[in-house]
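For reference, the structure I am asking about is given below.
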Amino acid sequence: QESLKKYQPDAALISFFINEGNLYISAMTQDKKLLEKQTLGVDIKNQIDSLRNSIIKMKDDAYKRFGKNLFDLLLKTPLEKLGSDSTEISKLIIIPDQSLQLLPFEILISNLSTKETPEFLMEQFEIVYQYSATLFVQNINLKKSSHSEFVGMAPDFSDGLPVDND
């Protein structure tokens, strides 16, 4: 949590782990923590494939259904418990596992009312992907060097472009 405070105080880190039909969700903000276990009653890979196919085939109703179902399964409870309805969270740091790496979280539907246009997750949050919580924390804690070196090279075309006479 201290590293998260340093990185960005308005961020929530949400990490997923899938094992033997269970989904484990670890989530935290600068002042709240959550660890949750859910039994997967559905094949999450099929749900993701169906969402992606509905986009490719431009099946709007199927897209809305799968986008909302995946949001509810993956993010609804953690975001409610972390207090995302307030303005405290503006960035989500997502650490996906297995087939979740194929899911574009930005297009999940957080609110599907009777209106024509659904509310997408990317409209509420800036979304950043990491692939390891350990590497994320280590990267935050690296001391940045104030002295940087740069070496740049570029070709000189002042005499025109090189010509290959083969």
Side-chain angles (χ1 to χ4, degrees), residues 1-56 59 61-115 117-144:
Q1 282 181 317
E2 289 301 316
S3 295
L4 198 56
K5 283 181 188 178
K6 287 181 192 176
Y7 179 67
Q8 195 155 10
D10 61 344
L13 181 115
I14 305 175
S15 178
F16 299 94
F17 177 69
I18 300 171
N19 186 26
E20 298 179 8
N22 293 310
L23 172 66
Y24 298 90
I25 303 171
S26 170
M28 72 172 71
T29 61
Q30 65 177 348
D31 57 354
K32 295 179 185 173
K33 291 181 186 178
L34 166 72
L35 181 60
E36 186 169 301
K37 175 186 173 185
Q38 295 180 15
T39 302
L40 291 174
V42 296
D43 182 355
I44 198 157
K45 183 170 180 350
N46 284 343
Q47 289 275 312
I48 293 168
D49 289 344
S50 296
L51 174 70
R52 293 167 58 100
N53 286 333
S54 68
I55 293 168
I56 292 167
K59 294 185 176 182
D61 290 339
Y63 166 71
K64 289 177 182 177
R65 185 176 69 247
F66 289 116
K68 179 66 171 133
N69 288 347
L70 283 165
F71 172 82
D72 289 347
L73 176 68
L74 300 171
L75 293 170
K76 184 178 180 179
T77 301
L79 290 176
E80 285 174 353
K81 290 184 178 178
L82 293 175
S84 69
D85 54 342
S86 68
T87 57
E88 293 176 18
I89 301 173
S90 64
K91 177 185 273 189
L92 298 181
I93 303 162
I94 305 285
I95 303 174
D97 185 41
Q98 295 181 21
S99 56
L100 293 178
Q101 294 178 0
L102 302 172
L103 178 63
F105 281 79
E106 292 87 351
I107 64 167
L108 295 182
I109 297 173
S110 59
N111 189 4
L112 187 58
S113 62
T114 56
K115 63 182 180 176
T117 308
E119 188 174 346
F120 298 99
L121 196 62
M122 67 182 167
E123 294 175 315
Q124 294 176 279
F125 303 102
E126 177 185 346
I127 298 174
V128 176
Y129 295 94
Q130 295 290 329
Y131 293 95
S132 164
T134 304
L135 291 175
F136 171 68
V137 170
Q138 286 176 349
N139 200 18
I140 289 173
N141 293 330
L142 283 176
K143 294 204 183 234
K144 305 290 183 198

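Only heavy atoms go into these numbers, but all of them, side chains included; no hydrogens, no water, no symmetry mates. Since this is a predicted model, take the numbers as computed values, not measurements.
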>> Let me confirm one number: the CD-CG distance from Gln47 to Leu100, rounded to the nearest 0.5 Å.
In response: 11.5 Å
>> Can a donor-acceptor pair be found, under 3.5 Å and without considering hydrogens, that links the side chain of Tyr129 to the backbone of Pro96?
In response: no
> Does the side-chain contact (heavy atoms from CB on, under 4.5 Å) test come out yes or no for Lys32 and Lys81, once each step is laid out?
Replying inline: CA-CA 9 Å; Lys32 295 179 185 173; Lys81 290 184 178 178; over 6 Å; no
>> Determine whether Leu74 and Ile14 satisfy the following criterion, side-chain contact (heavy atoms from CB on, under 4.5 Å), listing intermediate values before the conclusion.
In response: CA-CA 10 Å; Leu74 300 171; Ile14 305 175; over 6 Å; no
>> Given Leu121, which partner from the list Leu75, Ile94, Ile107 fulfils the side chain to side chain contact (heavy atoms under 4.5 Å, CB included) test?
In response: Leu75
>> Please report the interatomic distance CG(Asp97) to OG(Ser132), rounded to the nearest 0.5 Å.
In response: 11.5 Å
> Do other residues, nucleotides or ligands put more than 12 heavy atoms under 6.0 Å from the NZ atom of Lys76?
Replying inline: no
>> side-chain contact (heavy atoms from CB on, under 4.5 Å) for Phe136 and Leu13? Distances and angles first, verdict last.
In response: CA-CA 10 Å; Phe136 171 68; Leu13 181 115; 3.6 Å; yes
> What distance do Ile44 atom CD1 and Ile18 atom CD1 have between them, rounded to the nearest 0.5 Å?
Replying inline: 5.0 Å
> If every non-hydrogen atom of Ile109 is compared with every non-hydrogen atom of Phe71, which pair is closest and at what distance?
Replying inline: O-CB, 3.3 Å
> How far apart are the closest heavy atoms of Phe125 and Lys91, and which atoms are they?
Replying inline: CD2-N, 4.3 Å
> Would Arg65 and Asp61 pass as an ion pair if we require N to O under 4.0 Å?
Replying inline: no
>> I need the Lys64 NZ to Lys59 NZ distance, nearest 0.5 Å.
In response: 15.5 Å
> Do Asn53 and Phe66 have side-chain heavy atoms sitting under 4.5 Å apart?
Replying inline: no
>> Applying the side chain to side chain contact (heavy atoms under 4.5 Å, CB included) criterion to Phe16, which one of Ile25, Leu103, Ile95 satisfies it?
In response: Ile25
> To the nearest 0.5 Å, what is the distance between CG (Leu108) and CD (Gln124)?
Replying inline: 11.0 Å
> Does Glu119 offer a backbone N or O that forms a donor-acceptor pair with the side chain of Ser110 under 3.5 Å?
Replying inline: yes
> How long is the gap from CD on Glu20 to CG on Leu23, to the nearest 0.5 Å?
Replying inline: 14.0 Å
> Under the side-chain contact (heavy atoms from CB on, under 4.5 Å) criterion, do Leu79 and Leu92 qualify, and how do the steps go?
Replying inline: CA-CA 10 Å; Leu79 290 176; Leu92 298 181; 3.8 Å; yes
> So, for Glu106 and Ile127, which heavy atoms are closest and what is the spacing to 0.1 Å?
Replying inline: CA-CD1, 3.7 Å
